[in-house]
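Below is one structure; the comments refer to it alone.
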Amino acid sequence: MADVKLNDRLQAYGSEVAKIVRAVSDATDEVFTELPHRRWKEATKNIYGETQEALDVWTNQIFLKRMQETGCVKAYISEELGEPWINPDDTGGYTVTIDPLDGSSNIESNNCFGTIVGIHKEKDLLAEGRKQVLAFYNLYGPITTLVTADGKHACEYVKHRKGSSDYWLWKEGLKLSDPGKLMGLGGSPNKWTPAVKDFVDYMTTLKLKVRYGGAFVGDINQILFYGGCFMYPEMTDKPQGKLRLVIECNPMAYIISTAGGYASNGVSAILDAKPKEYDERTPVYIGSTSVVRKFEEIRAKYK
Ligand code: AHG
Ligand code: MN
Ligand code: MN
């Protein structure tokens with residue numbers, strides 16, 4: 001494959017979307033350099049009542065400032081802000097949803113984490129995930145990668161290849177294998193509902209291997225490359241599960257669906273769910289279509 005830079009490919013989406021992606025991708029060196037230092041917890045909590053890691057707050061500030069500077073963002077919906085930032089100049093054609101640092105609990109244990117972004121241009125800030133125009137995530141693992149999806153093509157870019165500070169295209173036209181190889185099992189097994197337990201038994205018959213990394217961004221990346229299903233499911237004490245519909249599940253559902261997979265809330269496609277609140281949670285079963293669809297079938301028998 002001829003050497004293609006991220007910025008070359010971004011031009012296809014127009015200068016505004018390209019600037020929005022670059023607001024994050026151009027900051028990854030600054031973020032990566034900060035990772036070894038900013039490892040304390042703040043005294044503050046986010047809207048979910050979760051103690052904020054210093055990196056949560058800091059990365060949100062970095063990305064918000066860069067998004068404001070693009071002049072293309074009319075609203076910035078972030079896990080770390082109580083209410084969205086709304087552009088006072090009423091300029092900018094796009095709404096950005098962002099989890100500035102996904103996998104905060106992995107900071108302490110030096111496991112992977114990253115940034116999840118969704119972009120749409122609907123009048124309604126709480127638009128269904130299917131209306132996104134682009135979704136992407138940055139993954140800080142042993143190397144820094146960036147995966148984008150536009151509804152037709154899912155691509156992976158790698159930072160610092162060939163010694164340059166650019167992101168270079170590594171894989172394009174990513175497609176999930178089905179049924180794939182992995183199952184990522186979130187939540188506490190003693191809280192899984194009977195339907196979820198039956199689903200795990202089913203996935204076991206498929207000989208899927210368990211892989212769970214504690215960061216949605218890393219767990220999704222494994223499913224993207226190896227196929228199978230990740231779930232953070234309904235639980236007896238938390239029927240809505242843990243993950244957030246708008247800032248985590250919609251962008252990832254868009255990416256996995258672009259790669260030929262499927263994301264469900266247990267009943268229907270996450271991408272068709274109409275968000276009512278910025279901070280609402282949803283159960284999520286995401287990955288190879290045949291496997292995820294099987295959970296909907298199993299769950300329907302219990303309702
Ligand atoms: P965040 O760090 O943005 O709050 O997200 C953490 C989420 C998600 O990344 C991951 O799949 C899940 O929480 C892990 O939850 P547990 O710690 O309960 O495993
Ligand atoms: Mn997250
Ligand atoms: Mn987060």
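Order of listing sets the numbers, starting from 1, for every ligand and every atom in it.
Within the protein, the number of N/O/S atoms found under 2.8 Å from the Mn ion (ligand 2) is 3.
Residue contacts with ligand 1 for R244 involve side-chain atoms from C-beta outward but no N, CA, C or O (heavy atoms, distance under 4.0 Å). With a heavy-atom cut-off of 4.0 Å, D99 touches ligand 1 through its side chain alone. Contact annotation for Y232 and ligand 1: only side-chain heavy atoms (C-beta onward) come within less than 4.0 Å of the ligand. Heavy atoms of L101 found under 4.0 angstrom from ligand 1 belong exclusively to the backbone.
Looking at E53, E79, E50, K242, it is K242 that brings a heavy atom closest to atom 17 (O) of ligand 1.
Between M183 and T204, the closest side-chain pair of non-hydrogen atoms falls below 4.5 Å. Counting heavy atoms from C-beta on, the side chains of P189 and V200 never come closer than 4.5 Å. Under the 4.5 Å side-chain criterion, counting only non-hydrogen atoms from C-beta, V284 is in contact with I270.
Ligand-side atoms of ligand 1 in range of S104: 2 (O), range being under 4.0 angstrom from any heavy atom. Residue Y212 has at least one heavy-atom neighbour below 4.0 Å for each of these atoms of ligand 1: 14 (C), 15 (O), 16 (P), 19 (O).
Between Y167 and N138, the side chains place a donor N or O and an acceptor N or O closer than 3.5 Å (distance only, hydrogens not considered).
Within a 6.0 Å sphere centred on NZ of K301, heavy atoms belonging to other residues, nucleotides or ligands number more than 12. Applying the 6.0 Å contact sphere to NZ of K175 captures more than 12 heavy atoms from other residues, nucleotides or ligands. Heavy atoms from other residues, nucleotides or ligands lying under 6.0 Å from CD of E277 number 12 at most.
Between S257 and L271, the closest heavy-atom pair is OG-CD1, 3.5 Å.
Note that the CD1 atom of I223 and the CE atom of M252 stand 11.5 Å from one another [nearest 0.5 Å].
Among all protein heavy atoms, the one lying closest to atom 11 (O) of ligand 1 is F216 N, 3.3 Å. Shortest contact from atom 9 (O) of ligand 1 to any protein heavy atom: D102 OD1, 2.6 Å. Considering only non-hydrogen protein atoms, atom 7 (C) of ligand 1 sits nearest to L243 CD2, 3.6 Å.
Exactly one residue among E50, E280, E80 makes a salt bridge (Lys or Arg N to Asp or Glu O under 4.0 Å) with R244. That residue is E50.
Within the 3.5 Å criterion, the main-chain N or O of V292 finds no donor-acceptor partner in the side chain of S264.
In this structure, E248 has a heavy atom closer than 4.0 Å to ligand 1. At a 4.0 Å cut-off, at least one heavy atom of G103 sits close enough to ligand 1 to count as contact.
Residues F216 and F230 bring their aromatic ring centres within 6.0 Å.
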